[in-house]
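Following: one structure in structure tokens, then a few remarks.
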Amino acid sequence: AVHKETHGFQTEVKQLLNLMAHSLYSHKEVFLRELISNASDAADKLRFKALSDASLFEDDGQLRVRLHIDKDKRTLTISDNGIGMSRDEAIEHLGTIAQSGTRQFFSHLSGDQAKDSQLIGQFGVGFYSAFIVADKVTVVSRAAGQSADRGVCWESDGTGSFTVEDVHKAGRGTDVILHLKEGEDEYLDDWQLRSVIGKYSDHISVPVELWKEGEPAQGEGENAIPATEGHWEQVNRATALWTRSPKEITDEEYQEFYKHLSHDFENPVAWSHNRVEGTQEYTSLLYVPTKAPWDMWNREQKHGLKLYVQRVFIMDDAEQFMPTYLRFVKGVLDSNDLPLNVSREILQDNKVTAQLRKACTKRVLGMLAKLAKDDADKYQLFWNEFGNVLKEGPAEDYGHKEEIAKLLRFASTHNDSDVQNVSLEQYVSRMKEKQEKIYYIVADSYAAAKNSPHLELLRKKGVEVLLMWDRVDEWLLSHLSDFDGKQLISVTRGDLALGELEDEESRKQHEEAQKEFASLVERLQSALGDKVKKVTISHRLTETPSCVVTDAYGMSTQMMKLMQAAGQ
Ligand code: ADP
Ligand code: MG
């Protein structure tokens, strides 16, 4: 029973296929990275499954990936002996996009190729990237543990549909056969291919092999596709990057590994690689990306680290090891202390998890502090992308409040610009001689903050005020009441206490004004009635005649607006 069927691609897949051909041509070699990654993932998945059922290895326990060129047929084949796919799995995995928020993703595209290609890269083109260079793709697969007659052949020209039919496949695993487009002959050239593959697969933990013509093959099993004389030659190092000593890893290798992990086209801003021995034994390799992912504010966004236990891949997106305010971090965690049969449920409530999470959090905060110190420009780029996420930190992670506070950046009256580049440490170092507090204002926009009448007196006295207008700022400030022993105080508070900053003269002036305008205050109070709590003479304004303030223990004006917007 060959049982051949035709299926239409999911709408989003069609859209993606369409876009890719146009937007990704300048990054076309990513298809190799994606297909080699998939092959290596398939090996990882088999190794994991075989932990509980060793028979899945059949008689072929040497996991590897092989690439083979056929110049006459103009095909490039990527083969693995990993987990493989059943017919149903092929239909599902190679016909739809599983990722949540796929629809929103498409609404983010702008039509600007450079911007879109970045987004598409982060979204993950995966398997479909094969169609950048191929006008037909054939996938022959057989799932581990199934008999040889349960193979599937999937085929498509990458337009609207694909076919599947039952086939016989002796070896377990997957062959992805690319029928290369006219003009893609570089992928038929052995030397060319070798150099590209070296770059993409050096850090992959399974051997990647190329067919070397010439000397005869020896001991090739059933998977010997080539009809020519030759033998398989390993072209990569096949050592997981994080297991190597940091001293001997180059920046390029770290960057390439990041791209493999994240599918990003850009290099990371910073990374931190640590091997820890002792009571806890683990290796972490953590990266901070350059650009925020398109779905950073999507609640279902996948995030977290790739988890290994004793070098064995366990799961992707293990979010238990990274707090939410660091959800942009990508990386690998390899623990020697967790059990190999660890599941998401076990991780949830586990002492080792908690320790590792703390350690990884410290690493990231340390890496950011170092970046801020060593390269303020780069740190600024990081802040512009991820600052608003980091601002969630003090609320989520009280224990690291101090470290996080040092990483925060704000706009301020000192710079007169909307660039958020003033740290609290800088603010404190510039405080006036008798100034005891850190002043800030939260408004709807930079312009509203900067032009607020509440700033007049402080400006006149030359006191710096931090200007804030991001949605998360009130939330941040309700969890960050002080820094370096100094209280953070909103200039919209009624009793704006200037403390020692107030000089004798202005105090006197204030008292006189109070006497002089007592009857005006009374009249205003009775005219406004219940609409206000209190009318007072203020010394904080120098140009504007009056303004609305909140009382010292009440809500700030911005918080009140938020509550009103929420229908309170
Ligand atoms: P991702 O790898 O991010 O899941 P891809 O588009 O690269 O997305 O692949 C989609 C799915 O197709 C994979 O999750 C996997 O289930 C399946 N797949 C792709 N290539 C292989 C392969 N070589 N072996 C087994 N399954 C594969
Ligand atoms: Mg993939």
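Atoms within each ligand, like the ligands themselves, are counted from 1 in listed order.
Shown in contact with F127 at under 4.0 Å from a heavy atom are these atoms of ligand 1, numbered in order with element: 5 (P), 6 (O), 7 (O). Taking a cut-off of under 4.0 Å to the non-hydrogen atoms of A42, the atoms of ligand 1 that pass are 24 (N), 25 (C). Here is the list of ligand 1 atoms found below 4.0 Å of a heavy atom in L94: 12 (O).
Using a cut-off of 4.0 Å between Lys/Arg side-chain N and Asp/Glu carboxylate O, E392 and R327 are scored as salt-bridged. Salt-bridge check for K362 with E403: passed, with a basic side-chain N closer than 4.0 Å to an acidic carboxylate O. Between K28 and E184 there is a salt bridge, with a side-chain nitrogen of the basic residue lying less than 4.0 Å from a carboxylate oxygen of the acidic one. A salt bridge does not link R74 to D70: none of the charged side-chain nitrogens sits closer than 4.0 Å to a carboxylate oxygen. In this structure, D334 pairs ionically with R311, as a charged nitrogen and a carboxylate oxygen lie closer than 4.0 Å.
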Step-by-step side chain to side chain contact (heavy atoms under 4.5 Å, CB included) determination, R66 to Q234: CA-CA 9 Å; R66 286 177 173 168; Q234 183 173 328; over 6 Å; no
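Scanning all protein heavy atoms for the shortest distance to atom 27 (C) of ligand 1 gives M85 CE, 3.6 Å. Of all protein heavy atoms, the one closest to atom 16 (O) of ligand 1 is H93 CD2, 3.3 Å. If you check which protein heavy atom lies closest to atom 9 (O) of ligand 1, you get N38 ND2, 3.7 Å.
Closest non-hydrogen pair, A50 versus F57, comes out as CB-CE1, 3.5 Å. Taking every heavy atom of both residues into account, R172 and D60 meet most closely at NH2-O, 2.8 Å.
For atom 12 (O) of ligand 1, the nearest protein heavy atom is under 4.0 Å away. In this structure, atom 2 (O) of ligand 1 is in close contact with the protein, since a protein heavy atom lies within 4.0 Å of it.
Considering backbone and side-chain N/O atoms, T174 comes within less than 3.5 Å of an N/O atom of ligand 1. At a 3.5 angstrom cut-off on N or O pairs, G126 does not count as close to ligand 1. The shortest N or O to N or O distance between H263 and ligand 1 is not under 3.5 Å.
Under 2.8 Å from the Mg ion (ligand 2) lies an N/O/S atom of N38, whether from backbone or side chain.
Looking at K45, E34, E92, K302, it is K45 that brings a heavy atom closest to atom 15 (C) of ligand 1.
Note on ring orientation: taking the six-membered ring where Trp is involved, the planes of W154 and F162 are parallel (angle under 30°, cut-offs 30° and 60°).
At a heavy-atom distance under 4.0 Å, only side-chain atoms of D80, from C-beta outward, approach ligand 1.
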